[in-house]
Protein chains: 2
Amino acid sequence: MSISDKKVRVLCVEDDPQLRTFLLAQLKARGFQAQAVSDGAQAIDLAAIFQPQLILLDLSLPTLDGLEFLRRLREWSKAPVIVLSARDEELVKIKALDEGADDYLTKPFSLNELLARVRVALRRADETERLRSGTTGSDLQRPVYKCGGENGLVVDFAHRVVRTGGIEVHLTPTEYDLLCELSRNAGKVLTHRELLQRVWGPDYSGENTYLRTFIRHLRRKLEPDPTQPRFLLNELGVGYFVPPSDSQEL
Amino acid sequence: MSISDKKVRVLCVEDDPQLRTFLLAQLKARGFQAQAVSDGAQAIDLAAIFQPQLILLDLSLPTLDGLEFLRRLREWSKAPVIVLSARDEELVKIKALDEGADDYLTKPFSLNELLARVRVALRRADETERLRSGTTGSDLQRPVYKCGGENGLVVDFAHRVVRTGGIEVHLTPTEYDLLCELSRNAGKVLTHRELLQRVWGPDYSGENTYLRTFIRHLRRKLEPDPTQPRFLLNELGVGYFVPPSDSQEL
DNA sequence: AAAATCTTCACACAATTTTCACAACAATGC
DNA sequence: GCATTGTTGTGAAAATTGTGTGAAGATTTT
């Protein structure tokens with residue numbers, strides 16, 4: 001979807017109700033389809049559903065810190081983020097920019113400047129979008145992996161939540177990382193070395209035992225019948241893989 | 001060329017000699033390949049020759065205005081531009097951003113913030129670069145081997161999948177390696193020694209029995225009639241080969 | 001201290017590779 | 001034609017390797 005085609009979706013994550021209302025109004029007046037939330041946890045939810053093409057982010061949020069939101073978002077989304085913050089300290093700025101923010105404006109800021117910077121961000125994003133649409137590159141962008149229909153497996157990258165048969169399953173950090181790596185490359189066999197290096201780090205390329213153990217844990221938690229796996233599959237002598245994601249709605 | 005591969009080329013267009021020297025030194029100290037000019041007309045020339053991956057641009061220049069430079073540059077280059085200016089007026093900022101600048105810093109600025117914003121710009125540019133090379137970049141080797149039309153043999157190297165008559169066939173690691181070696185050199189007879197060395201390693205050049213066994217396994221799995229092979233063919237006394245890949249236009 | 005998580009080990013079992021003995025086949029010379 | 005020789009195809013075994021398993025110890029988190 002090209003940005004010139006339809007209304008551009010902008011998500012505004014802002015604590016201060018006054019500024020939030022103001023931004024929302026201004027954005028809408030300029031032809032954007034804008035939504036707003038005041039809270040970081042909700043913001044992740046909305047980002048996954050609303051799939052905004054641009055995010056305006058206040059750093060000081062209740063429940064989930066702005067930087068933490070950014071970190072979580074970047075696990076599955078590349079949408080440009082412009083940080084709006086009252087804090088002018090160099091360290092905070094740099095942290096935010098290195099954590100994945102595309103721009104940083106200090107309050108109080110000029111509305112026109114913000115809008116100009118919004119145009120810059122969208123200009124860049126539109127370009128990469130045009131490139132992406134030509135390729136198969138389906139990696140990332142999609143906030144969930146789904147497989148096996150109604151009673152199947154769901155990995156919700158945005159919320160770091162995994163469900164099987166509709167029931168939420170608790171995974172340990174390593175278990176989740178391993179499952180993530182597999183479901184991000186669904187349909188492709190990842191070799192033992194690849195998995196070990198990506199999940200445990202570059203020094204563990206020989207420890208096949210780790211993989212066996214954690215694959216077993218995952219199967220025990222996720223497979224209806226761990227004896228006959230449907231999701232976590234093995235290619236003997238090569239590695240492991242999960243089936244391709246079900247083709248989905250938007 | 002990925003940005004992480006080699007030194008990133010940065011062009012610094014700056015009037016003030018003191019700041020120019022300072023930026024140049026800082027950039028080089030941080031592993032960039034940096035060049036500088038003080039004049040807009042020269043800058044265009046140098047940009048064309050040096051092909052920088054990032055440009056730092058002062059707005060107040062002799063001979064050719066910074067904005068004019070930007071306009072000219074954007075006619076043929078998409079390299080990210082970060083404007084450094086003493087002027088803090090809203091109108092100038094907006095003009096620059098809309099004219100194609102990616103960021104705008106007001107002097108005096110913090111060096112660390114500039115470097116962070118440089119990283120942001122390069123991060124985005126690297127991403128689009130990767131996409132671009134993926135689409136246009138001519139794959140050196142064809143990603144699939146196809147032979148025998150609709151009900152024939154297909155080897156999908158990228159996915160490590162083999163199909164015959166449309167049905168996916170499971171191959172063991174050695175079987176797959178052997179088939180790969182043959183189909184990568186389709187149409188060419190590979191000697192026993194060549195195959196053994198490439199698939200089993202340099203110490204197995206005498207074990208012809210291996211070849212016979214695995215060719216048999218492959219034929220049993222892939223050939224409609226293993227008695228009369230269509231794909232895995234033998235050149236008596238020399239070695240084995242597969243027919244050339246079907247020409248496939250897109 | 002307790003709980004959760006990660007690491008390590010030894011064994012059973014299944015898939016794969018290696019090995020072997022022999023049948024079938026093509027090329028050559030009689 | 002026929003036997004000879006070397007090469008290729010065949011089936012089935014033994015040996016090896018890879019994977020699934022439970023469970024115990026070490027480490028980290030709470």
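Below, chain A is the first sequence line, B the second, and so on; all start at residue 1.
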Residue mapping more 5' on DNA chain C - nearest nucleotide basis, B:His170 or A:Lys221: A:Lys221
Round to a whole Å and report the spacing from CD1 of A:Ile215 to P of D:dG20. 8 Å
A:Gln18, CD: over 12 other non-hydrogen atoms inside 6.0 angstrom: no
B:Leu211 CG to D:dT10 P, straight-line distance once rounded to whole Å: 15 Å
When the distance from CZ of A:Arg220 to C1' of D:dG22 is rounded to whole Å, what number comes out? 8 Å
Rounded interatomic separation in angstrom, taking NE2 from B:His217 and C1' from D:dT10: 10 Å
For atom OH of A:Tyr210 and atom P of C:dT7, their distance in whole Å: 5 Å
Look at the side chain of B:His192 and decide which nucleotide, out of D:dT8, D:dT19, C:dT19, has an atom nearest to it. D:dT8
Quick check against the 3.5 Å criterion: does B:Asn234 have a side-chain atom that pairs as donor or acceptor with the backbone of B:Gly239? yes
Look at A:Arg20 together with A:Asp15 and state whether they make a salt bridge at an N to O cut-off of under 4.0 Å. no
On DNA chain D, does the nearest nucleotide to A:Thr227 precede the nearest nucleotide to B:Gly239 from the 5' side, or the other way round? Give the residue. B:Gly239
Would you call A:Arg72-A:Asp45 a salt bridge at under 4.0 Å N-O? no
Donor on one side chain, acceptor on other, B:Asp225 and B:Thr227, under 3.5 Å: yes
Quick check for you: among C:dT5, D:dT8, C:dT17, whose closest atom lies nearest to any side-chain atom of B:Tyr240? D:dT8
What is the distance, rounded to the nearest whole Å, between atom CZ of B:Phe214 and atom P of C:dT19? 11 Å
Roughly how many Å is it from CG in A:Leu232 to P in D:dT19, rounded to a whole number? 14 Å
Side chain of B:Arg219 only, heavy atoms from C-beta on: which candidate in D:dG9, C:dC6, C:dT7 is closest? D:dG9
Distance check: side-chain N/O of A:Trp200 vs OP1/OP2 of C:dT7, anything under 4.0 Å? yes
Quick one: which protein N/O atoms are closer than 3.5 Å to N/O atoms of nucleotides 20-29 of chain C? Pair and distance per line, please.
none

To the nearest angstrom, how far is B:Leu233 atom CG from D:dG9 atom P? 10 Å
Taking the side chain as C-beta and beyond, is there a heavy-atom pair between A:Leu211 and A:Leu178 under 4.5 Å? yes
Once you apply a heavy-atom cut-off of 4.0 Å, does B:Pro173 come out as touching a base, just sugar-phosphate, or nothing? sugar-phosphate
B:Arg30 atom CZ, over 12 foreign heavy atoms within 6.0 Å: yes
